[in-house]
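Let me begin by presenting the structure, written as structure tokens, before commenting on it.
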Amino acid sequence: GENVEQHPSTLSVQEGDSAVIKCTYSDSASNYFPWYKQELGKRPQLIIDIRSNVGEKKDQRIAVTLNKTAKHFSLHITETQPEDSAVYFCAASWNGNKLVFGAGTILRVKS
Amino acid sequence: EAGVTQSPTHLIKTRGQQATLRCSPISGHTSVYWYQQALGLGLQFLLWYDEGEERNRGNFPPRFSGRQFPNYSSELNVNALELEDSALYLCASSFGSGQETQYFGPGTRLLVL
């Protein structure tokens with residue numbers, strides 16, 4: 001069945017450093033890959049997404065890369081700030097169907 | 001523009017009871033998705049409704065059911081509650097079938113005692 005693996009499960013970085021979270025998906029039909037940020041007690045918030053016809057997308061300090069051949073996509077956060085501390089989830093879906101989520105990464109930015 | 005809303009915010013039930021959770025999508029959105037987020041775990045897909053029809057169902061028992069109303073709001077019903085049903089239930093909406101971007105509501109935290 002469909003599966004999304006996410007690594008690492010926890011990530012601790014110093015303020016100002018970069019953070020990278022990696023995901024691998026199993027369903028080759030997947031064509032949409034969003035990333036959500038969830039702060040404690042809050043709803044998941046979409047921070048960036050990418051579609052299978054694009055290899056890379058950037059929005060200020062956040063970027064996502066997609067390697068369709070390897071079925072692998074990654075989130076890159078540069079110049080991390082304490083407010084970036086949260087749980088980050090990757091997900092994959094096909095044509096508006098259900099999102100299959102990774103297990104999440106707890107990011108801690110130390111000031 | 002108002003976001004996805006859910007009610008109630010918290011719900012306490014005892015084992016064997018039934019729970020009803022409600023979701024109102026963003027105006028103009030016709031698809032509603034339900035996910036379960038158990039403590040310490042990721043989000044698991046429950047149900048997808050679009051234009052009043054059930055489009056897909058996750059790997060959950062039949063006692064998890066729902067419906068979508070003509071105004072696109074949705075209801076999730078959980079019958080014969082079990083302790084392990086305690087979780088945050090999140091609703092998301094999108095513009096419709098084939099439109100991928102899903103926006104989440106704040107969730108309903110269900111506690112089964």
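All chains are named by letter (A, B, ...) in the order of the sequence lines, taking the proteins before the strands, and each is independently numbered beginning at 1. Hydrogens, waters and symmetry mates play no part in the numbers below; they use all other heavy atoms, side chains included.
- Scanning all heavy atoms of the two residues, the minimum distance from A:P82 to A:V109 falls at N-CG1, 3.8 Å.
- For the residue pair B:Q102 and A:N97, the shortest heavy atom distance occurs at NE2-O, 3.4 Å.
- In the model, B:E100 has no side-chain atom that pairs as donor or acceptor with a side-chain atom of B:S94 under 3.5 Å.
- Residues A:Q38 and A:K42 come closest through the heavy atom pair NE2-O, 3.1 Å.
- Contacts with chain A were tallied for B:G105, B:G42, B:S31; B:G105 has the most, counting heavy-atom pairs under 4.5 Å.
- Heavy atoms closer than 4.5 Å to chain A are found in the side chain of B:Q37, but not in its backbone.
- When heavy atoms are compared at a cutoff of 4.5 Å, A:L99 approaches chain B by way of both its backbone and its side chain.
- Of the two parts of A:P34, neither the backbone nor the side chain holds a non-hydrogen atom closer than 4.5 Å to a non-hydrogen atom of chain B.
- Counting only N and O atoms by type, the side chains of B:T20 and B:N77 include a donor and acceptor under 3.5 Å apart.
- Across all their heavy atoms, A:A103 and A:F89 have their closest contact at O-CE2, 3.6 Å.
- In this structure a side-chain-to-backbone donor-acceptor pair under 3.5 Å is missing from A:Q6 to A:I21.
- A:Q14 approaches A:S111 most closely through the heavy-atom pair NE2-O, 3.9 Å.
- Looking at A:K98, both its backbone and its side chain come within 4.5 Å of chain B, counting heavy atoms on both sides.
- In this structure, chain A has a heavy atom under 4.5 Å from the side chain of B:L90, while its backbone stays farther away.
- A:Q45 does not touch chain B: none of its heavy atoms, backbone or side chain, sits under 4.5 Å away.
- Between the side chains of B:Y49 and B:E75, no donor-acceptor pair of N or O atoms lies under 3.5 Å.
- Side chains of B:E53 and B:Q68: no donor on one and acceptor on the other come within 3.5 Å.
- The closest side-chain donor-acceptor pair between B:E51 and B:Y72 falls under 3.5 angstrom.
- Relative ring orientation between B:Y33 and B:W48 is described as parallel, the plane-to-plane angle staying below 30° on a 0-90° scale split at 30° and 60°.
- Residues from residues 48-76 of chain A that place a non-hydrogen atom less than 4.5 Å from a non-hydrogen atom of chain B comprise A:D49, A:R51, given in numerical order.
- Scanning residues 58-66 of chain B against chain A with a 4.5 Å non-hydrogen threshold yields no residues.
- Across every non-hydrogen atom of B:Y35 and B:L46, the tightest pair is C-CD1, 4.0 Å.
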